[in-house]
Number of protein chains: 2
Amino acid sequence: RGQIVVVGNQKGGSGKSTTTMHIIAALLSSGAKVASIDLDARQGTLSRYVENRQAFMQRKGVKLPMPTHRSIEPSTVASTDVARAHDQHAVERAVQDLAMRHDYVVIDTPGTDNFLSRVGHSFADTLITPLNDSFVDLDVLATIDPETYAMTRPSKYAEMIFQVKMQKARRDRSNRTFEWIVMRNRTGQLDSRNQRAMDEALEKLSQRIGFKLVPGFSERVIFRELFLDGLTLLDLKTKGTDVKMSMSHLAARQEVRDLMSEIGLESAAT
Amino acid sequence: RGQIVVVGNQKGGSGKSTTTMHIIAALLSSGAKVASIDLDARQGTLSRYVENRQAFMQRKGVKLPMPTHRSIEPSTVASTDVARAHDQHAVERAVQDLAMRHDYVVIDTPGTDNFLSRVGHSFADTLITPLNDSFVDLDVLATIDPETYAMTRPSKYAEMIFQVKMQKARRDRSNRTFEWIVMRNRTGQLDSRNQRAMDEALEKLSQRIGFKLVPGFSERVIFRELFLDGLTLLDLKTKGTDVKMSMSHLAARQEVRDLMSEIGLESAAT
Ligand SMILES: Nc1ncnc2c1ncn2[C@@H]1O[C@H](COP(=O)(O)OP(=O)(O)OP(=O)(O)O)[C@@H](O)[C@H]1O
Ligand SMILES: Nc1ncnc2c1ncn2[C@@H]1O[C@H](COP(=O)(O)OP(=O)(O)OP(=O)(O)O)[C@@H](O)[C@H]1O
Ligand SMILES: [Mg+2]
Ligand SMILES: [Mg+2]
């Protein structure tokens, strides 16, 4: 059965889709069989990325490894109970079907709280939460004391994770839960007072609410520059995708490789 | 009647709440009477900012100008028609009531498409759409040709704006619509191929779908560093809020001042 990786955060724009694309590309470039599910079908950034990748291959006549992609919309049935049953069933069927035939299933979720996203989270073996290096993003995880940087109470997303873990334990009748990893994203190259304050707050928070903190990605144009072609920096070694590798590209590649080993997705991402 | 400024973009994390906070602070520091409405009550970044500001004043014993703040949740009534009538009425009443007693009403909206947000957009005199300097963000506005950077079709948010403009014209029985301003946010300090490509795509797009493009804000830590205290760089001249003004602060202050004059909110933001 393939490993299920969910990328989630109720905070908008934290880097969920960007992280999902790079994990998929890194796994593909190591030769793994990968499936992807877009649970944010309304906005559909991940689905658009896969479409752009398909169009690039046709336009340039090159062959790139592709994920098996599915996009799931929330049910629009008027009755909430029936809609939820539809959502639960749609995700369950897709995950089980894809996990049987692939090494990894990577799931992108929306920047809001909805039932479909909660169902997706409940199937995670690994949950990855990207976070901008900002107390604005942190606020959706926990309310922080402005003087001590300690948590005063968990916020909406942390509450959701507690609830999803309990739901998963009940459904699977086991204590096996998922590993929760918080990765910093779009961190500045220069050290700042804000970055040190975030360091301190995140260290304290990871003890209190139980997640593993990893360095993640710096703010680098290469993480977003290739979206229109459906490429990531992991694809640049393929013939026909010629883009000159700069120092920043090499550093970005190292950050992706480090992320993959931190989350136990050993990949030969070269 | 006060001028109504709506900050909107269905793309998550584009900088809506950050922009809203800075517009409110700039208007307050010019002595204007300002009201604020949070239509993203579930995540509540703007409401948390106002709470943090209140707590800072109590903790430090300083007096800061404050907006009259309201937060409106979407109606949870099961029937969609009744819920929409509630949402319409709640926003209409709040806007009319606040606009009578204030010079400006500034409204923050969520990073998704929901009925409450559409109602908020329909009351705009000025709509401001912050956008990350990325084709990922641009994709929610329009699908762009990867070779020519021209629009191939409008996307979800542009479609929504067309619909809201029509709805507003019908409701107000007039052709008076709102000015739509797109501001670039978190732009890099270094010139890059990506930035030039975004320049070209945005220039073309502003002609095609009809918005005014303004430079907006660079990526600067000062735009997010003071969130826990509910402050912005506009507040730093007030006694008791001592933070040493750096070159970046002065440049950020200029960017806020430029934004205010681009959107016709002349303010004495000093
Ligand atoms: N490490 C990075 N370096 C540079 N830009 C980045 C990085 N990570 C994300 N971005 C950019 O930041 C913006 C937000 O990222 P993204 O869309 O992946 O976030 P998201 O959490 O999926 O957003 P949403 O909540 O809308 O689904 C995009 O414009 C993206 O290109
Ligand atoms: N100009 C800027 N410089 C530095 N950081 C910024 C800037 N603008 C926004 N940010 C940071 O980027 C992140 C996203 O900004 P913000 O939360 O204001 O966006 P939003 O559009 O309101 O998001 P949501 O869709 O979740 O409501 C936050 O962490 C914020 O602190
Ligand atoms: Mg996304
Ligand atoms: Mg916001």
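Note that these values count all heavy atoms, side chains included, but never hydrogens, waters or copies made by symmetry. Naming: A, B, ... by sequence-line order, numbering from 1 per chain. Just so we're clear, the structure is a prediction, and the values are computed from it rather than from any experiment.
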*Which of Thr143(B), Asp139(B), Asp145(B), Leu138(B) touches chain A most, by non-hydrogen pairs under 4.5 Å*: Asp139(B)
_Can you tell me which of Glu219(B), Gln10(B), Arg42(B), Lys16(B) forms the most heavy-atom pairs within a distance under 4.5 Å of chain A?_
Arg42(B)
*Might you confirm whether atom CZ of Arg59(B) has over 12 heavy atoms from other residues, nucleotides or ligands at distances under 6.0 Å?*
yes
_Atom CZ of Arg153(A) with >12 non-hydrogen neighbours under 6.0 angstrom_ = no
Contacting moiety of [X], where chain B heavy atoms sit under 4.5 Å:
X         : answer
Asp133(A) : both
Val136(A) : both
Tyr149(A) : side chain
Lys11(A)  : both
Thr112(A) : side chain
Gln195(A) : neither

Heavy-atom check, side chain of [X] versus side chain of [Y], under 4.5 Å:
X         : Y         : result
Asn132(B) : Arg186(A) : yes
Arg48(B)  : Val140(A) : no
Leu228(A) : Ile144(B) : yes

Residue [X] versus chain A: region with a heavy atom under 4.5 Å:
X         : value
Thr80(B)  : neither
Asp40(B)  : neither
Ser192(B) : side chain
Phe135(B) : both

[atom1] of [X] to [atom2] of [Y]: how many Å apart, nearest 0.5 Å?
X         : Y         : atom1 : atom2 : result
Asp229(B) : Glu147(A) : CG    : CD    : 7.5 Å
Phe227(B) : Asp137(A) : CZ    : CG    : 9.5 Å
Met198(A) : Glu225(B) : CE    : CD    : 12.0 Å
Arg220(A) : Asn194(B) : CZ    : CG    : 15.0 Å

_Let's test your reading of the structure: which of Leu190(A), Asp113(A), Asn52(A), Thr18(A) forms the most heavy-atom pairs below 4.5 Å with chain B?_
Asp113(A)
*asked:* Please check: side-chain N/O of Lys156(A) versus main-chain N/O of Gln43(B), any donor-acceptor pairing under 3.5 Å?
replied: no
